[in-house]
Amino acid sequence: DSRGQDLGWNLKVSATAFETADKKLTLKGAVMTIPEGKLTTGEGVDPLLTPSAFKVNLSPTATSIMSATTTQGRSTWVNSFEGKGEKVTLAVPSGNKVASYVSTITWSLEDAP
């Protein structure tokens with residue numbers, strides 16, 4: 001955040017269901033998880049400005065994956081989702097049919113903590 005106004009921000013993520021291109025099959029019960037990750041920024045940025053990061057199970061409901069209060073988040077921050085050794089995962093229960101499935105992930109950045 002380089003606005004210099006310390007307003008805070010909230011990065012949210014959501015995803016559609018995993019479906020085949022023709023929408024005839026849905027991957028039932030599948031859960032994609034993005035771990036908290038490791039936050040980094042440029043040299044000389046005060047560590048007290050570090051925003052918060054959260055582990056997220058993707059769903060159609062937008063969920064916070066990173067946020068900054070009015071005293072955090074200034075500068076540019078990178079979240080390496082697998083930076084702490086955890087992996088982005090997709091858990092698929094048995095009983096689903098073998099096919100190619102797609103999902104659309106939507107990221108939204110709100111101008112509020």
Show me, pair by pair, the donor-acceptor contacts under 3.5 angstrom made by side chains of residues 41-52, not counting sequence neighbours?
| from | atom 1 | to | atom 2 | distance (Å) |
| --- | --- | --- | --- | --- |
| Thr41 | OG1 | Ser75 | OG | 3.3 |
| Thr41 | OG1 | Thr76 | O | 2.5 |
| Asp46 | OD1 | Leu48 | N | 2.8 |
| Thr50 | OG1 | Pro47 | O | 2.6 |

(Q) Applying side-chain contact (heavy atoms from CB on, under 4.5 Å) to Ile34 and Leu58, what does each step give before you reach the verdict? (A) CA-CA 8 Å; Ile34 301 175; Leu58 294 181; 4.0 Å; yes
Q) Who pairs with Ser64 by side chain to side chain donor-acceptor pair (under 3.5 Å), at least two apart in sequence or on another chain? A)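 Ser64 satisfies side chain to side chain donor-acceptor pair (under 3.5 Å) with Asn10 once adjacent residues are dropped.
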Q | Asn57: partners by side chain to side chain donor-acceptor pair (under 3.5 Å), with sequence neighbours left out | A |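 Checked Asn57 against side chain to side chain donor-acceptor pair (under 3.5 Å); matches are Thr33.
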Q) What residue pairs, at least two apart or across chains, pass side chain to side chain donor-acceptor pair (under 3.5 Å) with a residue in residues 20-30? A)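 Qualifying pairs, neighbours excluded: Glu19-Lys23, Thr20-Asp22.
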Q. Below 4.5 Å, heavy atoms only, C-beta onward: do Asp111 and Leu7 meet side chain to side chain?
A.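 They are in side-chain contact.
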(Q) To check you understand the geometry: which heavy-atom pair defines the closest contact between Gly73 and Ala68, and what is its length? (A)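 Heavy atoms of Gly73 and Ala68 come nearest at CA-CB, 3.6 Å.
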Q.
On a heavy-atom basis, which atom in Trp77 and which in Met66 lie closest, and how many Å separate them?
A.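 Minimum heavy-atom contact is CB-CE, 4.2 Å.
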Rounded at 0.5 Å granularity, tell me how far [atom1] in [X] sits from [atom2] in [Y].
| X | Y | atom1 | atom2 | result |
| --- | --- | --- | --- | --- |
| Phe54 | Leu11 | CZ | CG | 10.5 Å |
| Ser100 | Leu27 | OG | CG | 11.0 Å |
| Thr70 | Trp9 | OG1 | CH2 | 13.0 Å |

Q | Inter- and intrachain pairs under salt bridge (Lys or Arg N to Asp or Glu O under 4.0 Å), touching residues 7-17, at least two apart | A |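 As it turns out, the salt bridge (Lys or Arg N to Asp or Glu O under 4.0 Å) pairs with a partner in residues 7-17, which skip direct neighbours, are Lys12-Glu110.
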For a quick test of your reading: what N or O donor-acceptor pairs under 3.5 Å do the side chains of residues 102-109 make, sequence neighbours left out?
| from | atom 1 | to | atom 2 | distance (Å) |
| --- | --- | --- | --- | --- |
| Ser103 | OG | Thr16 | O | 2.6 |
| Ser103 | OG | Thr16 | OG1 | 3.4 |

Which pairs of donor and acceptor atoms, one on a side chain in residues 81-91, lie under 3.5 Å apart (sequence neighbours left out)?
| from | atom 1 | to | atom 2 | distance (Å) |
| --- | --- | --- | --- | --- |
| Glu82 | OE2 | Val88 | N | 2.9 |
| Lys84 | NZ | Glu36 | OE2 | 2.9 |

